[in-house]
Protein chains: 2
Amino acid sequence: MTVHAPVKPLQRAEIAKRTGCNLETVRYYEKVGLLPEPPRTQGGHRAYGAEHERRLRFILRARELGFTLDEIRALLLLVDERNAPCGQVRNVAAAHLGDVQDKIADLKRMERVLKDVVAQCADGSRPECPLIEALFR
Amino acid sequence: MTVHAPVKPLQRAEIAKRTGCNLETVRYYEKVGLLPEPPRTQGGHRAYGAEHERRLRFILRARELGFTLDEIRALLLLVDERNAPCGQVRNVAAAHLGDVQDKIADLKRMERVLKDVVAQCADGSRPECPLIEALFR
DNA sequence: TCTTGAACCTGTAGCAACTACAGAGCCTAA
DNA sequence: TTAGGCTCTGTAGTTGCTACAGGTTCAAGA
């Protein structure tokens, strides 16, 4: 068995490149408590392991789904301390889904109005600019 | 003719209340150059006129449509200096419409994935939490 | 072994678009 | 006249990064 076989640690630039994360953002996630503090070399350089990489990927995927850092913190806490109870995880995700749907509704409202005024501006049938008119109404 | 009839000026709290704008935001829009500096009373209090109110409403409506402050600045410049040429106004609006549509597409992608995992979490058919699994993939 | 240049370290500032506070001053109605 | 509710200024906080300065360490080549 090769349990605890010492895997070659990753420098910050390496973990950043492998995950596609910005170099500075890696340190930022550590600062805000999403990524655990990695061990250091004698000179003080961070030495990341496979678990850090795994966790960083988790964070980045969650960000792609639009989760806030607070929500991600909550999800990671569920993972770390409770072995990820599906019901609670689902609650976090469902609440976030609601937020996403609200935002879509907001943006669609904007889209409708904008399409409308752009079309009116385009056809040149009005002496005054319809968008400006609409905003000054 | 009652040109320049002295309309009773508005205090900051009054213009805020009438437009629905946050009190502090009124001052903020002045600071960033969207709202012109109003005349002051002897004691230094701002005294807004009808034109300020009109302009503030314009800004707030544009914000509701998702325009950035830079875009609103550009629109107001077109209004102030060029009498709002419809073609240029339309360009600003069309570009913004594109941004809005991009955001909608992003959010819909998130929505699709989230709906999916929430449904999988809900039906309890998997031993591990599907959302957590998906994020750690 | 020495050197050099890349990568790292910390702390801080900047972005958007507000929002909120502290500590001071003004204004008006009773 | 005075109370208390405005207003004033400047600054700090929010979210989620991103970028810099000025200094240190590391690793590869000579």
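Naming: A, B, ... by sequence-line order, numbering from 1 per chain.
The stretch residues 67-79 of chain B comes close to DNA chain C through T68(B), L69(B), each having a heavy atom under 4.0 Å from the strand.
The cationic atom of R57(B) (NZ for Lys, CZ for Arg) does not lie both less than 6.0 Å from the six-membered ring centre of F136(A) and within 45° of the ring axis.
Nearest heavy atom pair, residue L56(A) against residue L35(A), reads N-CD1, 3.9 Å. Taking all atoms of both residues into account, the shortest heavy-atom contact from A47(B) to P38(B) is O-CB, 3.8 Å. Among all heavy-atom pairs drawn from E30(A) and Y48(A), the shortest one is OE1-OH, 3.8 Å. Of all heavy-atom pairs spanning A94(B) and V118(A), the tightest one is N-CG2, 3.9 Å.
Residue R27(B) has its side chain nearest to dT9(D) when only dG16(D), dC6(D), dT9(D) are considered. Residue T25(A) places its side chain closer to dC17(D) than to any other of dA19(D), dC26(D), dC17(D).
For the residue pair R46(B) / Q11(B), no side-chain donor-acceptor distance below 3.5 Å is found, with atom types taken as modelled.
The shortest distance between the side-chain N/O atoms of R46(B) and the OP1/OP2 oxygens of dC8(D) is below 4.0 Å. Phosphate proximity of dA19(D) to N22(A): present, with a side-chain N or O under 4.0 Å from OP1 or OP2. At the phosphate of dT7(D), neither OP1 nor OP2 sits under 4.0 Å from any side-chain N or O atom of T41(B).
Atom NE2 of H45(A) and atom C1' of dT24(D) are 7 Å apart (whole Å).
Think of the region where chain A sits on DNA chain C: with heavy atoms and a 4.0 Å cut, that region ends 5' and 3' at dA7(C) to dG11(C).
The hydrophobic cluster containing L23(B) does not contain I15(B), counting ILVMFWY residues as joined when their side-chain heavy atoms lie under 4.5 angstrom apart, directly or transitively.
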